[in-house]
Number of protein chains: 2
Amino acid sequence: MNDNIKPQQCKVVNALDTLLGKWKPIILQHLLAEGTLRFNELRKRMPNITQRMLTLHLRELEEQDLINRVVYPQVPPKVEYSLTEYGKTIEPLMEALHQWGKSHLQHIENVKKSDLTKDEGNKEASIH
Amino acid sequence: MNDNIKPQQCKVVNALDTLLGKWKPIILQHLLAEGTLRFNELRKRMPNITQRMLTLHLRELEEQDLINRVVYPQVPPKVEYSLTEYGKTIEPLMEALHQWGKSHLQHIENVKKSDLTKDEGNKEASIH
DNA sequence: CTGGATCCTTCACGATACTG
DNA sequence: CAGTATCGTGAAGGATCCAG
């Protein structure tokens, strides 16, 4: 729609869009960590998610070819979710996000502390 | 409270939270690319953003210590925004997101194409 | 057990007008 | 020029019930 926007940006936004949704990163982390999980196993690992949201987000991840959905035609139903081979390529990205998120928390802590000791808040440029 | 949830997840979510908001990644990209920009310069580079959202997101980024806001006490007002030294640490992360987003678009393209040629859609597990 | 269908709430974002 | 103040909207998410 707009060429003023650097190509770079679009792709970053795109990455974020496909990884987002309140629960997607968490679902992906669980599948990364544990391989294959059934619907209810995932649910137990995310006590605050509703069935609806779990279903919706799993469908979206499947559509992005990030996860496999395997239905065992039996009763009671059994459905297993796992990362696709392609889906596993997000691991380094998740790791990078994790590292940055971790150090960011640390950084914000430090900033708050030094705000208490040091007189801060004079960010106006001086005019000479 | 819940040890089933891997520590990793929390931090990923945290990273995403502080980088998110519809316009934050774009603002950051512009500042990464161009160094220092005035309010209106940023606005021109994002034709679809409203003043309100630009202001809000800049404030939030400032609060996260990712950008500097320098007010020149003059009339008409002049305010310059730039990344903090700390803010520049997001560059590798943005690059990683960009690369993944790019290859993801590619991948989705390929998947769609092979869905057309190959008969796909039989993902039920066989029962022997 | 998995998950569809409905209804409801909230909040991020947008549109617009005003101001030092 | 660089904001603030208000009001409105839609879409994401939550709660709940039903079904194969």
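In the text below, chain A, chain B and the rest are named by the order of the sequence lines, each starting its count at 1.
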*No-H, no-angle donor-acceptor pair, B/Arg52 side chain to D/dG3 base, under 3.5 Å*: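 Not at all, since no donor on one side and acceptor on the other fall under 3.5 Å apart.
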
Whole Å only: how far is the [atom1] atom of [X] from the [atom2] atom of [N]?
| X | N | atom1 | atom2 | answer |
| --- | --- | --- | --- | --- |
| B/Leu42 | D/dA2 | CG | P | 10 Å |
| A/Gln74 | C/dG3 | CD | C1' | 16 Å |
| B/Leu56 | D/dT6 | CG | C1' | 13 Å |
| B/Arg59 | D/dT4 | CZ | P | 5 Å |
| A/Phe39 | D/dA19 | CZ | P | 18 Å |
| B/Glu62 | D/dA2 | CD | P | 15 Å |
| A/Met53 | C/dG4 | CE | C1' | 14 Å |
| B/Leu54 | D/dT4 | CG | C1' | 14 Å |

*Side-chain donor-acceptor contact under 3.5 Å, A/His107 with B/Asp65*: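 Yes, a side-chain donor-acceptor pair sits under 3.5 Å.
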
*Indicate whether any N or O donor in one side chain lies under 3.5 Å from an N or O acceptor in the other, for A/Gln29 and A/His98.*
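Note: A/Gln29 and A/His98 side chains miss the donor-acceptor criterion.
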
Below 4.0 Å: OP1/OP2 of [N] and any side-chain N or O of [X]:
| X | N | answer |
| --- | --- | --- |
| B/Arg69 | D/dG3 | yes |
| B/His57 | C/dC13 | yes |
| B/Tyr81 | D/dC1 | no |

Between [options], which nucleotide has the shortest distance from any of its atoms to the side chain of [X]?
| X | options | answer |
| --- | --- | --- |
| B/Thr50 | C/dT2, D/dG3, C/dG14 | C/dG14 |
| A/Gln51 | C/dG3, C/dG14, D/dA15 | C/dG3 |
| A/Asn40 | D/dG14, C/dG3, C/dC1 | C/dC1 |

*Considering only heavy atoms from C-beta outward, does the side chain of A/Lys11 approach that of B/Leu105 to under 4.5 Å?*
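Yes, at least one pair of side-chain atoms sits under 4.5 Å.
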
*Any salt bridge between A/Arg45 and A/Glu34, counting N to O under 4.0 Å?*
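Between A/Glu34 and A/Arg45 there is a salt bridge, with a charged N closer than 4.0 Å to a carboxylate O.
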
*Ignoring hydrogens and geometry, is there a side-chain-to-backbone donor-acceptor pair from A/Glu95 to A/Pro92 under 3.5 Å?*
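Side chain of A/Glu95 to backbone of A/Pro92: no pair is present.
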
_B/Pro76 vs A/Pro77, nearer the 5' end of DNA chain D by closest nucleotide_ =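 Final value for this comparison: B/Pro76.
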
